[in-house]
Amino acid sequence: QVQLVESGGGLVQAGGSLQLSCAASGRTLITYAVGWFRQAPGKEREFVASISRSSRVTYYGDTVKGRFTISRDNGKNTAYLLMNGLKPEDTAAYFCAFSTATIAPTSERVYDYWGQGTQVTVSS
């Protein structure tokens, strides 16, 4: 069984940056594709970004493309989400997830393991 722990959330002003981390324990990260999702109050969970096991393939949601960067360090068993140019509409709980898929899935239904989430709040 693998556990995921997100960190790095917080309060930031619009235009600022944050980097989220997702640390894996129990099994090595290279076993999984990694995705980031977010959910704002009263809204459905939204795909943010995903990365394949080898980091060769990445996908981004349209609302974050060009501002966010997903990466991973398999040696450190940790995945990251660098968020630049943050906007108030980026405010949400952010979740990392692991999938045994060989690519970089964008659908949450393909992800098997989820972290507890970390809150990101962007003030205007």
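The first residue in the sequence is number 1, and the count goes up from there.
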Sequence neighbours excluded, which residues qualify as salt bridge (charged side-chain N to carboxylate O under 4.0 Å, His left out) partners of [X]?
X	result
Glu108	Arg45
Arg38	Glu46, Asp90
Lys43	none

About how many Å separate [atom2] of [Y] and [atom1] of [X], when rounded to the nearest 0.5 Å?
X	Y	atom1	atom2	value
Ser54	Asn74	OG	CG	8.5 Å
Ser124	Lys87	OG	NZ	14.0 Å
Ser21	Lys76	OG	NZ	9.5 Å
Thr69	Gln19	OG1	CD	9.5 Å
Met83	Leu18	CE	CG	4.5 Å
Glu6	Cys22	CD	SG	5.5 Å

Subject >> Criterion side chain to side chain contact (heavy atoms under 4.5 Å, CB included) on Leu86 and Val122, from CA distance to verdict >> reply: CA-CA 7 Å; Leu86 284 162; Val122 184; 3.9 Å; yes
Original post:
Looking at Val34, Ile51, Ile70, which one forms a side chain to side chain contact (heavy atoms under 4.5 Å, CB included) with Leu81?
Top reply: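 Result: among Val34, Ile51, Ile70, Ile70 is the only option passing the side chain to side chain contact (heavy atoms under 4.5 Å, CB included) with Leu81.
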**OP:** List the steps, then state whether ring-ring contact (aromatic ring centres under 6.0 Å, His included) holds for Tyr111 with Phe37.
**Re:** CA-CA 11 Å; Tyr111 286 85; Phe37 295 80; 5.3 Å; yes
Original post:
ring pair (Phe, Tyr, Trp, His ring centres under 6.0 Å) with Tyr113: which of Phe95, Tyr32, Phe98?
Top reply: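 Testing each of Phe95, Tyr32, Phe98 against Tyr113, the sole residue satisfying ring pair (Phe, Tyr, Trp, His ring centres under 6.0 Å) is Tyr32.
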Going by heavy atoms in the side chains, are [X] and [Y] under 4.5 Å from each other?
X	Y	answer
Val48	Tyr94	yes
Thr121	Val12	no
Asn84	Phe68	no
Arg53	Leu29	no
Trp36	Leu20	yes

Could you pull out the closest heavy-atom pair between [X] and [Y], with the gap in Å?
X	Y	result
Ala40	Ala92	N-CB, 3.8 Å
Val120	Gly9	CG2-CA, 4.1 Å
Ala104	Ala33	CA-CB, 4.4 Å
Thr58	Tyr60	OG1-CE1, 3.8 Å

Subject >> Verdict with reasoning, Gln116 to Leu4, per side chain to side chain contact (heavy atoms under 4.5 Å, CB included) >> reply: CA-CA 8 Å; Gln116 81 289 351; Leu4 296 70; 6.0 Å; no
**OP:** Spell out, as yes or no, whether a donor-acceptor pair under 3.5 Å connects the side chain of Ser52 to the backbone of Ile103.
**Re:**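 No; judged by distance alone, with no hydrogens or angles, the pair does not exist.
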**OP:** Return yes if some donor-acceptor pair links the side-chain N/O of Thr118 with the main-chain N/O of Ser7 below 3.5 Å, else return no.
**Re:**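 No; judged by distance alone, with no hydrogens or angles, the pair does not exist.
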Original post:
Can you tell me if Thr78 and Asp73 form a side-chain donor-acceptor pair at under 3.5 Å?
Top reply: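 Distance-only check fails for Thr78 and Asp73.
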**OP:** Determine whether the aromatic ring centres of Tyr59 and Phe47 lie less than 6.0 Å apart.
**Re:**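 No; Phe47 has its ring centre 6.0 Å or more from that of Tyr59.
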**OP:** Using a cut-off of 6.0 Å, state whether more than 12 heavy atoms not belonging to Ile30 lie near its atom CD1.
**Re:**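 Not buried by this count: 12 neighbours or fewer within 6.0 Å.
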